[in-house]
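Have a look at the structure below, then the notes.
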Amino acid sequence: MTAFILRRLLLVIPLGIGVTLVAFLITDTIPADPILTLLGDKTATENPSAVALYRHQWGFDQPLPIRYVIYLEHLAHGDMGNSIVTRRPVLQDVRDFWPATAELAIFAVAFAVLVGVPLGVIAAVHHGRLADNVARFVALSGSSIPVFWLALVAIQIFYVQLQVAPSIGRLDIDLDPPRTITGLYTVDSLLTGNWTDFGNALAHLALPAMVLGANVMGLVSRMVRDSLLRTLNSDFVRTARSKGLSERRVVYVHALRNALIPTVTVVGLVFAQLMSGAVLTETTFAWPGLGRYLAKAAMGLDFSAIVSVTLLVAFIFIAVNLVVDVGYALLDPRIRYS
Amino acid sequence: MRLGSTGRFLVSAAALVIAASGCAGGTQQTASKSGGTLVYAVPFSVASLDPHRENEDTTSIMIGQVYDTLVHVDPDVPTKLDPGLATSWDANSDNTVFTFHLRTNAGFSNGNPVTADDVKFSLDRLWNLQASPSFIMQGVKSVDVVDPHTVRLTTAASDGALLDKMSFTMTAIIDSKTAQAQGATSDAQAATTDKAEAYFNAVHTLGSGPFMLSLYSPNDQFVLVRNPHYWGSKTGVDKVIIKDIPDSTTERQLLERGDIQIAGAIDYATAQQLANESGIKIGYAHSLNLIYLFMTGSPQVSAPLSNKLVHQAISHAIDFQSILKLASGHAQQPPTTIPLGLLGADTVSPPKHDVNLAKQLMAQAGYGNGFEVPFTYANEVKYNIDCNLLAQILQANLAQIGIKLDLKPVTEDEFFAKFRSRQDPIGFSFWTPDYVDPDDYTGPFWDSDVNFLTHRLQWHNPDVDALYPKSLSTTGQERIQVYKQLQELFQQDPVMIGLIQPDYVLAYRDKVHGFKLVWELRMHDFSPVTLS
């Protein structure tokens, strides 16, 4: 197992090089000039010496291959470069923006699993009956309603009309955030004993997490239903039933554990995707996360930010996949890595 | 010559300002008290927090509250200047030497007094950093300290716009002692030696404005609190939060619930829907934002479009009234590229919509059968105007005189890359004012010495070039006459046509008093605002 994990971790190096190279090449083909973002149209046009100076300072006077090598060299020293859009080190930006995204992703996936799995089980157990149809309808709605629309409707109903949801953002506008330890407001407020912020942060997470998680919830519930149905019809379940085990024990202990394996894969991948930012949800809920940061970076042709965040996302996918693979072994005793 | 506020020729432009309730309206208002938190929502565009390196809209609003400038543009009359850190100012007869007399009671938020040394350091640094806002100091030969409370600016040539330029947000005066201790430099090598940007970006403000910055969370909010050492009267609210709300529907919902007090980015349609809701007020104000059509001056780029008669024909083919409707009527048509509200802009008439005249001009130019041309434009909503609809109107208008526009919507970056390449035969672009003076719309637009758009369009008008310096050496009534002549000369070959000047629109809770909507977004002043 250790050797397997080590091998997978070593994969990070060639993958990182590949991902940054592709990101570099793509950003270079866009017909726009980062100097414009830096200097504005007026100075960029009227002041050639400023243009030359800034090209040099930001390294744009070098050919692409040299710039790529310089980037890798800095990266090896833990320096992700400076963002053109925020004028700060990309590493600092990631440290500021990523926790908001991570917190939202964790709660969204938690919602999706806590609702999606039972829904799938109910549907499978009551296969073909009313409960199945209702569960399938909920699942289908969750996975087919566009997230930006769901977000707007949810805010209109729960915030504007019923007035049960708090305003958008991570905390009430007049509250000061808890002292930064992890950057996750729920965790930091717990660690510092700031109960006002804790309750407030949880309340603020509820709506965006449900909106972002709705899609995943639908997916999870449909997968659980399908694979549970298949498992319930398999030989070992028949054996278990013939041994006289209770239906409850058959479904929850024998069948469900096996049926969850494909679900774990999907949840892992979706979680990795959500951890890299959800632009639409973050925009509608004014959530200062990585998705909006990356969207702004892309529009400002912010090389360092785009390449570094792409790299980070690749790392997240590798890490999550690794966790998922290890999870297989725990769920299915037949799977062993050597 | 004394150029105080009384000496300047004033154009009555009171209609330019829509004062929120409680502003000189004469009506009785509900009792408003000092204190509380004002929340202003706007989609963020922020780069640096260093005022001398930044020129983005949202940062400008913040910097305008935190840093003071030598002079302020009057909120009611855009052609008038009010005292800022300078209580009075003089200029010599040919507008090349300007002396500013500083107030003696101004202090930075850390308690240090504002002196002439700070002014010199700040203005020198602004120019020598060669950053995005540095252009404002173009032509200033030297900044000299006469005594601790007197500063003299000398320009290389006459510059009648210099006083207005000193109201530009980024001519922010910073505390030079602290800045230098944090690595700031102002000499000719500042662009490479200055190391203070990181200090500013770590939420340190060194200003003498009514507020100081207490918190900045990127893509989230600026939190401003009172500057205890501000020279002016105490601000009406304790705290101002400038909140990043990227989605206009969300902004509307927050306003309806009362979680924000001012919605800074709503569109005309939303404003009309909100107008009838209780507790919400809508304010419109004329802006100086300009969308203008441009054509090339180079026959190599396009033979027909570089023809002066075709420029004239197009100016008469456009149905300006239907363009104004894109803003639900909340817009103006500028006569040339100088927006209405600025000195001398209204001294000439705008081009008349006359399709027959346009057809005659096309025939005269030898293009009676018309021609086809690609039309690249930014597929965006700019100043609340949908550029797709604007392009479609132009396409329909020009089709009537045989010009077939082949519409090519692209991203804004792509559009600017094409425009800057000098190979764009025709298109429309945008201009937001840097300072409230007609020179911001004549120098960069028409003059071959400044050579900004003249370079890009490869078009030069020697008559305009010859007269242009006079617009900077004259003052008062004489200057207005120069702008009249300049515009008349320009209209003979209208290679750029002012299409629309859309109004600002804001929605705010009725508990907000004393907030003035002005023609320049970044000139919002939150210090007199009170909440009831």
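These numbers come from a predicted model, not from an experiment. Side chains are part of it too, since the values below use all heavy atoms of this structure and drop only hydrogens, waters and symmetry mates. Below, chains carry the letters A, B, ... as their sequence lines are ordered, and counting in each starts from 1.
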Per-residue contact mode, Leu36(A) against chain B (heavy atom under 4.5 angstrom): side chain
So which heavy atom on Gln57(A) is nearest to which on Ala191(B), and how close? NE2-O, 2.8 Å
Using only heavy-atom distances, determine whether the side chains of Thr45(A) and Arg420(B) contain a donor-acceptor pair under 3.5 Å. yes
Just how far is it from atom CZ of Arg87(A) to atom CD of Glu54(B), taken to the nearest 0.5 Å? 6.5 Å
Can you tell me how far CG of Asn55(B) sits from CG of Leu38(A), rounded to the nearest 0.5 angstrom? 13.0 Å
Strictly below 4.0 Å, N to O, side chains only: are Lys42(A) and Asp434(B) in salt-bridge contact? yes
Examine whether an atom of Ser49(A) lies under 4.5 Å from a heavy atom of chain B, and if so say whether it belongs to the side chain, the backbone or both; otherwise answer neither. both
Hey, are Asp244(B) and Arg292(A) close enough for a salt bridge, meaning a charged N less than 4.0 Å from a carboxylate O? yes
Does any heavy atom of chain B fall under 4.5 Å from the side chain of Asp41(A), the backbone, both, or neither of them? both
Which bit of Phe285(A) comes within less than 4.5 Å of chain B, counting heavy atoms only: side chain, backbone, both or neither? neither
Nearest-0.5 Å distance that lies between atom OH in Tyr159(A) and atom CZ in Arg257(B): 5.0 Å
Donor + acceptor pair across side chains of Thr43(A), Gln130(B) (<3.5 Å): no
Toward chain A, the part of Val46(B) with a non-hydrogen atom under 4.5 Å: backbone
Heavy-atom pair of closest approach, residues Thr284(A) and Asp247(B): CA-CB, 4.3 Å
Using a 4.5 Å heavy-atom cutoff, which residues in residues 213-225 of chain B come close to chain A? Pro218(B), Asn219(B), Asp220(B), Gln221(B)
Counting only non-hydrogen atoms closer than 4.5 Å, does Ala100(A) touch chain B with its backbone (N, CA, C, O), its side chain (CB onward), both, or neither? neither
For Phe158(A), is the CZ atom crowded, meaning more than 12 foreign heavy atoms sit under 6.0 Å from it? no
Heavy-atom contact with chain B under 4.5 Å, split by part of Ile173(A): both
